Visitor: 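Sending over a structure as structure tokens; questions will come in a sec.
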Amino acid sequence: MRAFTFEKAASPAQAVAAAARTPGARFIAGGTNLLDLMKLEIETPTHLIDVNGLGFDKVESSADGGLRIGALVRNTDLAAHERVRRDYGVLARALLAGASAQLRNKATTAGNLLQRTRCPYFYDTNQACNKRQPGSGCAALGGFSRGHAVLGASEACIATHPSDMAVALRVLDADVETLRPDGSRRTIPIADFHRLPGDTPQTETALQPGELITSVRLPAPVEGRHVYRKVRDRASYAFALVSVAAIVRRDGSGRVALGGVAPKPWRVDAAERELPRGARAAAAALLAGARPTGQNAFKLTLVERTLDAALTDART
Ligand SMILES: Cc1cc2nc3c(=O)[nH]c(=O)nc-3n(C[C@H](O)[C@H](O)[C@H](O)COP(=O)(O)OP(=O)(O)OC[C@H]3O[C@@H](n4cnc5c(N)ncnc54)[C@H](O)[C@@H]3O)c2cc1C
Ligand code: SF4
């Protein structure tokens with residue numbers, strides 16, 4: 001690990017000022033992703049700003065009937081929160097499908113959104129990787145690509161986004177709230193938060209340098225059965241090959257988003273119009289334009305079957 005300096009921010013303003021002042025600075029929350037990447041020298045921050053003391057550890061009801069989730073709320077606490085379990089079941093289920101109990105005890109809302117890809121070539125510093133080292137190439141193209149994206153990828157990068165929580169937030173139409181180094185605040189719809197790789201896969205989100213996530217806002221609850229289905233190689237402690245977050249009403253209409261298939265949670269308006277007709281029609285719309293590699297075409301069938309199982313869960 002490279003040497004770095006460390007400070008504990010006493011206020012949000014102090015945290016963003018420190019980030020703006022120090023090139024190469026990074027915020028650290030639970031540390032469950034960032035520290036691993038630092039040990040492998042994939043991330044080499046010169047300065048760490050600990051944001052754990054900023055008071056963003058509360059879940060509060062908002063005036064419009066929604067919920068404001070502090071950036072530092074631990075995944076375990078969020079999944080167990082009474083209103084999340086009652087009104088936003090898809091979120092509780094997605095959180096509990098992620099990682100392990102120990103990791104969820106440390107992992108935070110903001111850190112989960114910003115966790116980096118699990119592409120094995122990104123983690124192997126002997127391999128070409130445009131995301132880790134822009135311009136070096138992509139070893140996954142023509143390499144081992146069973147877990148990679150079938151949607152939204154580019155010639156520069158075919159990695160998926162690994163978060164389960166983000167898929168549920170997408171189906172709930174969440175907003176990400178931030179504080180910028182100049183003191184201004186902004187709200188980023190979750191649909192626009194993660195970016196597709198294009199020619200610059202190293203830029204993964206809409207955040208600007210030094211921008212701090214303060215909270216995630218959920219709108220008022222959406223009527224319907226909340227379902228999260230995750231298919232993975234092991235029953236626990238593994239990332240999604242395919243996941244489905246869905247909210248389905250009695251008449252079969254509703255919302256659906258996919259995880260494990262694209263560089264961001266994948267939601268398509270046309271698929272929701274097809275949802276009452278069943279999994280096959282909705283899956284076809286979700287997968288429009290899919291470009292699998294030679295090794296991950298199985299994900300196309302898996303999407304339809306996982307969606308079918310999710311819709312069956314919603315009916316029972
Ligand atoms: C073995 C293993 C298995 C896992 N399995 C799953 C899984 O199945 N599903 C899943 O979804 N996840 C899984 N995870 C990932 C885990 O959920 C993430 O590591 C965790 O959510 C990251 O949160 P953190 O608070 O520890 O982030 P950190 O590691 O502290 O930070 C991650 C990133 O977020 C930035 N950051 C943190 N807070 C802020 C803030 N407030 N504003 C701006 N930037 C910020 C940091 O600078 C860093 O870049 C797994 C992890 C491991 C190690
Ligand atoms: S898929 Fe993306 S993360 Fe993986 S090796 Fe290629 S550029 Fe790197």
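We count ligands from 1, going down the list as the structure has it; atoms in each ligand are counted the same way. None of the values given here were measured: they were computed from a predicted structure.
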Visitor: Name the closest protein heavy atom to atom 17 (O) of ligand 1, giving the residue it belongs to and the distance to 0.1 Å.
Guide: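 For atom 17 (O) of ligand 1, the nearest protein heavy atom is N112 ND2, 3.6 Å.
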
Visitor: List the steps, then state whether salt bridge (Lys or Arg N to Asp or Glu O under 4.0 Å) holds for D50 with R26.
Guide: CA-CA 9 Å; D50 182 350; R26 299 295 297 272; over 6 Å; no

Visitor: How would you list all residue pairs meeting salt bridge (charged side-chain N to carboxylate O under 4.0 Å, His left out) that involve residues 105-118, not counting sequence neighbours?
Guide: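 Residue pairs with at least one partner in residues 105-118: E43-R116, R116-E204.
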
Visitor: Count the heavy atoms of every other residue, nucleotide or ligand shown that sit under 6.0 Å from CZ of R186, and state whether that count exceeds 12.
Guide: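 Count over threshold, so yes.
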
Visitor: E177 vs S215, test: side chain to side chain donor-acceptor pair (under 3.5 Å). Steps then yes/no.
Guide: CA-CA 5 Å; E177 298 181 317; S215 52; 2.5 Å; yes

Visitor: At a 4.0 Å threshold, what atoms of ligand 1 neighbour a non-hydrogen atom of L212?
Guide: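 Numbered from 1, ligand 1 contributes 40 (C), 41 (N), 42 (N).
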
Visitor: Note the single closest protein heavy atom to atom 37 (C) of ligand 1, along with its residue, its atom name and the distance in Å.
Guide: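 Heavy-atom neighbour on the protein nearest atom 37 (C) of ligand 1: A29 CB, 3.8 Å.
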
Visitor: Suppose we measure from atom 13 (C) of ligand 1 to each protein heavy atom; which comes out shortest, and what is that distance?
Guide: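 Answer for atom 13 (C) of ligand 1: F239 CE2, 3.3 Å.
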
Visitor: Starting from atom 47 (O) of ligand 1, what is the nearest protein heavy atom, named by residue and atom, and what distance separates them?
Guide: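 It is F27 O, 2.5 Å.
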
Visitor: Number the atoms of ligand 1 from 1 as they appear, then name those within less than 4.0 Å of a heavy atom of A238, with their elements.
Guide: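 Heavy-atom distances to A238 below 4.0 Å select 8 (O).
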
Visitor: Atom 2 (C) of ligand 1: which protein heavy atom is closest, and how many Å away?
Guide: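 The answer is L103 CD1, 3.4 Å.
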
Visitor: Using the rule given for side chain to side chain donor-acceptor pair (under 3.5 Å), can you reason through R229 versus S243, listing the C-alpha separation, both sets of side-chain angles and the distance that settles it, and then say yes or no?
Guide: CA-CA 6 Å; R229 268 258 173 183; S243 69; over 6 Å; no

Visitor: Ignoring hydrogens and angles, write down the donor-acceptor pairs under 3.5 Å from the side chains of residues 10-24, residues two or more places apart or on other chains.
Guide:
unit_1 : atom_1 : unit_2 : atom_2 : d
S11    : OG     : Q14    : N      : 3.0
Q14    : OE1    : A10    : N      : 2.8
T22    : OG1    : A18    : O      : 2.7

Visitor: What atoms of ligand 1 come closer than 4.0 angstrom to any heavy atom of A110?
Guide: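 That gives atoms 38 (N), 39 (C), 40 (C), 41 (N) of ligand 1.
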
Visitor: What protein N/O/S atoms sit under 2.8 Å from atom 2 (Fe) of ligand 2, by chain and number?
Guide: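 Short answer, with waters excluded from the count: C157 SG.
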
Visitor: Looking only at distances, can you tell me whether any N or O atom of N33, backbone or side chain, sits closer than 3.5 Å to an N or O atom of ligand 1?
Guide: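 Between N33 and ligand 1 (N or O atoms, distance only) the closest approach is under 3.5 Å.
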
Visitor: Geometry only, no angles: is A99 polar-contacting ligand 1 at N/O separations under 3.5 Å?
Guide: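 Looking only at distances, the answer is yes, because the N/O contact criterion of under 3.5 Å is met.
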
Visitor: Determine whether the side chains of D175 and T187 contain a donor N or O and an acceptor N or O closer than 3.5 Å.
Guide: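 Their side chains do not contain a donor-acceptor pair, so the 3.5 Å distance test is not met.
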
Visitor: Pick out which of N33, T108, L34 makes a side chain to side chain contact (heavy atoms under 4.5 Å, CB included) with I28.
Guide: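 The side chain to side chain contact (heavy atoms under 4.5 Å, CB included) with I28 is passed solely by L34 among N33, T108, L34.
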
Visitor: D164 versus ligand 1: do any nitrogen or oxygen atoms come within less than 3.5 Å of each other?
Guide: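 Checking ligand 1 against D164, an N or O pair does fall under 3.5 Å apart.
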
Visitor: At less than 4.0 angstrom from any non-hydrogen atom of L34, what atoms of ligand 1 do you find?
Guide: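 Atoms satisfying the 4.0 Å criterion: 29 (O).
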
Visitor: Is there a polar contact, in the sense of an N or O pair closer than 3.5 Å, between E211 and ligand 1?
Guide: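 It does not: no N or O of E211 is found under 3.5 Å from an N or O of ligand 1.
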
Visitor: Numbering the atoms of ligand 1 from 1, which are under 4.0 Å from a heavy atom of G98?
Guide: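 Listed by number with element: 7 (C), 8 (O), 9 (N).
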
Visitor: Tell me the nearest of K230, R232, R26 to atom 48 (C) of ligand 1, using heavy-atom distances.
Guide: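 Nearest option to atom 48 (C) of ligand 1, by heavy atoms: R26.
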
Visitor: Check the pair V216, L113 against side chain to side chain contact (heavy atoms under 4.5 Å, CB included), reporting the backbone distance first and the verdict last.
Guide: CA-CA 10 Å; V216 168; L113 279 176; 4.0 Å; yes

Visitor: To which residues is L258 joined in a hydrophobic cluster, defined by side-chain heavy-atom contacts under 4.5 Å among Ile, Leu, Val, Met, Phe, Trp and Tyr, whether direct or through other members?
Guide: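 Once heavy-atom contacts under 4.5 Å are chained together, L258 belongs with V150, L151, L196, V231, L241, V242, V244, V248, V256, V261, W266, V268, L275, L286, L287, F298, L300, L302, V303, L307, L311.
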
Visitor: Below a 4.0 angstrom heavy-atom separation, can you tell me which part of M38, side chain or backbone, both or neither, approaches ligand 1?
Guide: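 Neither; no heavy atom under 4.0 Å.
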
Visitor: If you have a sec, work out which protein heavy atom is nearest atom 30 (O) of ligand 1 and how many Å separate them, to one decimal?
Guide: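 Minimum-distance protein heavy atom for atom 30 (O) of ligand 1 reads G31 N, 2.7 Å.
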
Visitor: Tell me, which protein residue and heavy-atom name are nearest atom 42 (N) of ligand 1, and how many Å apart are they?
Guide: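 Protein heavy atom with the smallest distance to atom 42 (N) of ligand 1: I213 N, 2.9 Å.
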
Visitor: With no hydrogens and no angle check, do the side chains of N296 and S145 hold a donor and an acceptor under 3.5 Å apart?
Guide: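 No.
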
Visitor: At less than 4.0 angstrom from any non-hydrogen atom of S163, what atoms of ligand 1 do you find?
Guide: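 In order of numbering, the contacting atoms are 11 (O).
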
Visitor: Among all protein non-hydrogen atoms, which one is nearest to atom 12 (N) of ligand 1, and what is the separation to 0.1 Å?
Guide: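 Going atom by atom, the protein heavy atom closest to atom 12 (N) of ligand 1 ends up being Q115 NE2, 3.3 Å.
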
Visitor: Would you indicate which of L114, V73, V16 comes nearest to atom 44 (N) of ligand 1 when only heavy atoms are counted?
Guide: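 Looking at heavy atoms only, L114 sits closest to atom 44 (N) of ligand 1.
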
Visitor: Which of the numbered atoms in ligand 1 are below 4.0 angstrom from a heavy atom of P162?
Guide: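 It comes down to these atoms of ligand 1: 9 (N), 10 (C), 11 (O).
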
